[in-house]
Structure formats: C-alpha cells, structure tokens
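Have a look at the structure below before the remarks.
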Amino acid sequence: MASLAQASTALSTSCKPTLQALSSRVSSLKSVSFSITGKRFPSLSSRPGRLQVSCSAKPETLNKVCDIVKKQLALPDTTAVTAGSKFTELGADSLDTVEIVMGLEEEFGISVEEDSAQTIATVQDAADLIEKLVEKKA
Amino acid sequence: MSFTLRSVKVPPNSVSLEEARHRVFDFFRAACRSIPTIMDIYNLQDVVAPSHLRSVVAAEIRKHSSVTNPKVIDMLLFKAMEELNNITEHAKQRHHIIGQYVVGREGLLQDTGTKDQGASDFLKEFYKTNYF
C-alpha cells in the first residue's frame with residue numbers, strides 16, 4: 001500500500017510542473033507546437049482536462065519486479081536480470097510465470113486479467129503492465 | 001450452512017491437454033487470490049508469509065506435473081477445488097492448515113536430531129518423496 005502511494009505521488013509530482021508550464025505556454029502563445037523534454041502530450045490542446053502520459057516503466061518499478069523475479073526463481077545475485085530477459089531464459093516454466101505474476105499482483109495491489117497475463121514474456125512486459133494498472137487504479 | 005460457497009461445478013472433461021493446462025492456471029490464480037482471505041480466517045499473519053503459501057500450492061501442482069491424461073488432470077483439479085473450498089469456508093481448523101501447508105516435511109522430522117543420525121540416505125530420500 002505504501003509503495004502504491006509513493007508511486008502515485010511520484011507520478012503526479014513529476015507531471016505537475018510540466019503541466020503548469022504547458023498551460024501557461026498555451027495560454028500565452030496559443031500554438032500547438034512546443035518542445036517538452038521527456039514526455040509528450042499529444043492531445044493536450046484538444047482536451048485540456050485529460051492528461052495522457054506515454055512513458056516507459058519507471059526504474060523503481062522495474063527494480064521491484066526484478067527483485068521479485070529473483071526471489072521467486074531463487075537466482076543467485078550474480079545472474080543479471082535485465083529488462084529484456086525472458087522468464088523462460090531465467091529458468092522459469094509456465095507455472096513459475098503465473099506465480100511471479102501473482103507475486104506482482106500482491107506487491108503492487110493490482111489485479112491482472114487473464115488475457116493480459118498470457119502476453120507477459122519478459123520483465124519489461126510485466127513492468128509496463130504494472131505501470132498501466134497502477135495508473136488506472138490511481 | 002453454506003457449504004458450497006464456490007459451487008463445485010463439474011464442467012465437461014477437458015478436450016485437450018492445453019485446456020487442462022488453462023484450467024490448472026485458473027485454479028492456481030483462484031487459490032492465490034484467496035490466500036489473503038485464508039490468512040485472515042485462520043490468523044496466520046505471524047506464522048507464514050503469503051509467498052510461502054503460494055510456493056506450497058505451486059509445489060503441490062508441480063508434484064503432478066508429469067501427468068498427461070486430461071481426465072486425470074480434471075480429477076486432480078476437482079480434488080484441489082474441493083480442498084480450496086473446504087479451506088475458505090472454514091471447514092478446517094488452524095492446526096490443519098499449519099500442519100498440512102505451513103510446516104514442510106522437514107519440519108516434522110527436525111526434532112528427531114539424534115535418532116536420525118544412523119538413518120541411511122535411502123531412508124532420508126524415502127521420507128521425502130516417492131520418486132527418487
């Protein structure tokens with residue numbers, strides 16, 4: 001629960017400064033093209049109320065996912081669990097994959113649907129799915 | 001009494017191994033999602049962690065991982081669902097859960113320190129599992 005609150009506050013605080021800068025710039029310039037470092041807001045001019053953030057998984061989420069995977073598969077600390085490593089490469093069979101997804105569900109307090117769970121093959125997939133669900137929940 | 005909270009419906013037999021596999025994973029997900037309830041019912045918060053219970057369930061599933069007949073898998077799943085229903089509707093008691101799922105085989109034997117010194121490796125393996 002605490003980790004979820006932290007993740008949501010981190011997301012909102014990182015978005016707010018850029019949003020304020022954007023709104024001031026839009027009101028003064030009234031132009032669509034502006035350069036923002038980092039995130040893109042494609043639909044901001046049309047619907048100013050709605051915020052669309054398309055960023056890849058945050059590193060802290062990724063780290064947590066890696067930790068859970070390592071603990072679940074009982075890997076020694078020497079093996080490198082990177083974002084692109086597949087679960088099957090790390091020695092997990094299908095039941096292990098489901099168990100890892102369940103562990104992530106418990107850790108982040110989310111609920112993964114079955115068909116989205118089928119598509120998870122790498123660590124990066126899992127982290128992205130978690131991000132999406134956390135955002136939807138918050 | 002509501003003894004059939006999650007009614008044990010008997011669906012038609014799985015057509016293929018693939019469908020049986022899906023059912024196994026569905027059962028595993030249902031079991032994992034009911035673990036917080038179980039820990040609540042039997043007050044297991046200080047005794048065991050949810051991850052341990054998850055791995056115990058996974059180990060039970062893995063015990064039969066070499067079965068290939070879908071009907072046998074269905075039968076095993078039926079028994080598993082029945083067990084899960086019994087546990088979640090509090091038809092069991094705390095010592096049942098602790099003895100069957102929290103304490104492993106080693107836990108029961110770890111008191112017999114000096115008695116086990118003379119036991120052969122064959123016996124130790126024999127106590128652990130059928131297949132070695």
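Throughout, a chain's letter reflects where its sequence line sits, starting with A, and its residues are numbered from 1.
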**Message:** If I compare all heavy atoms of A:V112 with all of B:R33, which pair ends up nearest, and what's the gap?
**Reply:** O-NH2, 3.0 Å

**Prompt:** For the candidates B:D26, B:V57, B:I61, which exhibits the highest count of non-hydrogen atom pairs separated by less than 4.5 Å from chain A?
**Reply:** B:D26

**Partner of B:R54 under salt bridge (charged side-chain N to carboxylate O under 4.0 Å, His left out), chosen from A:E99, A:E105, A:E106** = A:E106

**Message:** Please report the interatomic distance OG(B:S51) to CD(A:Q72), rounded to the nearest 0.5 Å.
**Reply:** 8.0 Å

**Message:** As an exercise, state the distance from CG of A:D93 to OG of B:S65, rounded to the nearest 0.5 Å.
**Reply:** 8.0 Å

